Amino acid sequence: MSTDRSNQSIPSGVTMVIFSGELDKMLAAFIIATGAASMDMEVNMFFTFWGVNALRKDAPETLVKKKTLIEAMFGWMMPKGPGKLKLSKMEMGGLGRMLLKKEMKKKSVTSLEELIEAAKELNVNITVCTMSMDIMGIREEELIDGIEYGGVASFLDSADRCKTTLFI
Amino acid sequence: MSTDRSNQSIPSGVTMVIFSGELDKMLAAFIIATGAASMDMEVNMFFTFWGVNALRKDAPETLVKKKTLIEAMFGWMMPKGPGKLKLSKMEMGGLGRMLLKKEMKKKSVTSLEELIEAAKELNVNITVCTMSMDIMGIREEELIDGIEYGGVASFLDSADRCKTTLFI
Amino acid sequence: MSTDRSNQSIPSGVTMVIFSGELDKMLAAFIIATGAASMDMEVNMFFTFWGVNALRKDAPETLVKKKTLIEAMFGWMMPKGPGKLKLSKMEMGGLGRMLLKKEMKKKSVTSLEELIEAAKELNVNITVCTMSMDIMGIREEELIDGIEYGGVASFLDSADRCKTTLFI
């Protein structure tokens, strides 16, 4: 499937920093990711800062007790998982987001949850920045399965190999 | 004009995703676009989500009647065209934007409207994401002339060809 | 130190547009910059629009008198230097920023001020967009030492040479 790529001097691929973690930007990122992966390109997504919230799942109750007060506050105030992300604009207290999701469903546009699943099946690499996790007090048990953990060096390795690099 | 570029192993060019659609980010995008095009580089701009609003013009009255209620709401609430875009910060209810435009005029900095015109004359390619148009209910008649329509595949083709890729 | 890089067909490096100038985005940018520079990559950062504020220092009193009213207003309202930058989200009137800095200190994460110093020592090139300075009325005396001044052409030259290009 990917043999004709060997003719090119530089292997093509997409490396993205997922920083903002808003619903609309996340949709754009995963549409690019799944599109590129289905065109047989290497895709590496590095989740950092607010972006990490998009990968959160329901954490066990006992975990909260291990956190400091500030860590628990961060965890409580930041959106938990793709279903809770806000829009970067026109959020209007949740109305904008509700309308966007409604229109997407009506017009058969794939939801963010489905896009994340599709990305995993298409072997998109998802790496979470351990420094961000450390600062915000997010533990591995709070994040979805099938992801990797790394730092800026892994990002730079990947970015230097891929022609397309985006900060989203 | 561009013959000395043939020595390089990879053709140079700029591919941008125009996502946010705010006045200040749009100015940055079009300054880069016109700068690159005048240096004889290939420039491809992909307008998606809120970015599409920067390409809206006055639409015929009859069009509004064809829209659903939600589509009409989106159309009414989102800025229509470059003159209506807000700043990403220091908007202050329109005051920041007014002051910025005033200073730009005073200091002979090209306006966004003029930059868009210049971009077209310099053969900058403007492609609008059809999925975004579909979700927000924006029709071709509502957008300026001389633009193309496409999806993520056209973006990836272009990004893979260009050394500079930006998400704005 | 950098001789083995000559084997690669394209010199690797990182070119960034620093547009937003928020504390969290600035941290991400300088973590990437110092990481890349310590891996012996060329790093060029182009500060434009709100990003310029991160490079402001205490300016001499006499300077303010040379400014027009609008320029003085911009200078007064925009954050002055890395210590005054806000977060792109969860700012909560300064509380979020305070908590973030507290957690960073507690967990021994390098502060933005230290990252900027480290970047300079690692020969990261910092260029400020003169057009932005002109529009906002910012003078060279107001910015930190050891930086360069340029326009879109310097950015494009750099971006065309580097594999990694980001708009932050």
Side-chain angles (χ1 to χ4, degrees), chain A residues 5 8-20 22-43 45 87-92 95-111 115 159-160 162-168, chain B residues 8-22 25 46-51 53 67-79 85-88 91 129-138 150-168:
Chain A
R5 207 151 35 96
Q8 285 178 245
S9 52
I10 307 276
S12 56
V14 181
T15 296
M16 291 183 262
V17 179
I18 308 298
F19 176 94
S20 298
E22 285 137 345
L23 176 61
D24 43 358
K25 292 195 176 173
M26 217 51 113
L27 283 167
F30 275 96
I31 288 166
I32 293 171
T34 52
S38 64
M39 284 162 77
D40 198 35
M41 293 166 84
E42 175 187 348
V43 183
M45 302 174 89
L87 291 179
S88 70
K89 52 191 100 264
M90 300 243 302
E91 168 72 7
M92 302 178 289
L95 178 65
R97 192 193 336 167
M98 195 200 73
L99 292 181
L100 179 77
K101 286 185 185 177
K102 204 175 158 169
E103 287 301 288
M104 284 177 65
K105 197 163 194 174
K106 195 173 148 194
K107 286 157 182 176
S108 309
V109 177
T110 321
S111 72
L115 282 169
D160 200 49
C162 295
K163 273 201 222 159
T164 304
T165 51
L166 304 170
F167 185 96
I168 296 181
Chain B
Q8 285 179 244
S9 52
I10 308 275
S12 57
V14 181
T15 296
M16 291 183 262
V17 180
I18 308 299
F19 175 93
S20 299
E22 285 136 345
K25 293 195 175 173
F46 291 84
F47 286 72
T48 185
F49 281 81
W50 318 107
N53 293 317
K67 293 193 174 193
T68 66
L69 181 64
I70 293 177
E71 287 176 351
M73 273 176 66
F74 273 131
W76 178 74
M77 288 187 302
M78 295 185 306
L85 303 180
K86 295 183 180 179
L87 291 179
S88 70
E91 167 73 7
C129 166
T130 47
M131 189 201 275
S132 300
M133 290 174 65
D134 192 26
I135 294 175
M136 303 195 287
I138 293 174
V152 70
S154 354
F155 163 70
L156 287 165
D157 273 342
S158 165
D160 201 48
R161 208 168 46 235
C162 296
K163 273 202 222 159
T164 304
T165 52
L166 303 171
F167 185 96
I168 297 180

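Quick note on labels: first sequence line is chain A, next is B, and so on, each numbered from 1. Computed from a predicted model, the values in this text were never measured in an experiment.
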Problem - Segment of B:Ile135 engaging chain A (4.5 angstrom heavy-atom cut-off) - result: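 Both parts, heavy atoms under 4.5 Å.
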Practice task
Heavy-atom distances under 4.5 Å only: say whether B:Met77 touches chain A with side chain, backbone, both or neither.
Solution key: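 Contact with chain A is through both the backbone and side chain of B:Met77.
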Which atoms of [X] are under 4.5 Å from chain B, going by heavy atoms: the side chain, the backbone, both sets, or neither?
| X | result |
| --- | --- |
| A:Met16 | neither |
| A:Ser88 | side chain |
| A:Lys25 | both |

Handout entry: Stepwise side chain to side chain contact (heavy atoms under 4.5 Å, CB included) check, A:Ile168 with B:Val17
Key = CA-CA 10 Å; A:Ile168 296 181; B:Val17 180; over 6 Å; no
Practice task
Could you tell me how the ring of B:Phe49 sits relative to the ring of B:Phe19: parallel (under 30°), tilted (30 to 60°) or perpendicular (over 60°)?
Solution key: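 It falls in the tilted class, 30° to 60°.
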Exercise for the section: Decide whether B:Thr48 and B:Ser132 meet the rule of one side-chain donor and one side-chain acceptor closer than 3.5 Å. Expected result: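 Yes, B:Ser132 and B:Thr48 have a side-chain donor paired with an acceptor closer than 3.5 Å.
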Problem - Listed partners of B:Thr68 passing side-chain hydrogen bond (donor to acceptor under 3.5 Å, both in side chains), at least two apart - result: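 Scan of B:Thr68 (side-chain hydrogen bond (donor to acceptor under 3.5 Å, both in side chains), adjacent residues dropped) gives none.
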Practice task
Just jot down the salt bridge (charged side-chain N to carboxylate O under 4.0 Å, His left out) partners of B:Glu71, sequence neighbours excluded, or say none.
Solution key: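 Salt bridge (charged side-chain N to carboxylate O under 4.0 Å, His left out) list for B:Glu71, sorted by chain: A:Lys107, B:Arg139.
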Problem - Contact leader toward chain B among A:Val109, A:Leu166, A:Thr34, A:Asp24, where contacts are heavy-atom pairs under 4.5 Å - result: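 Answer, by heavy-atom pair count under 4.5 Å with chain B: A:Asp24.
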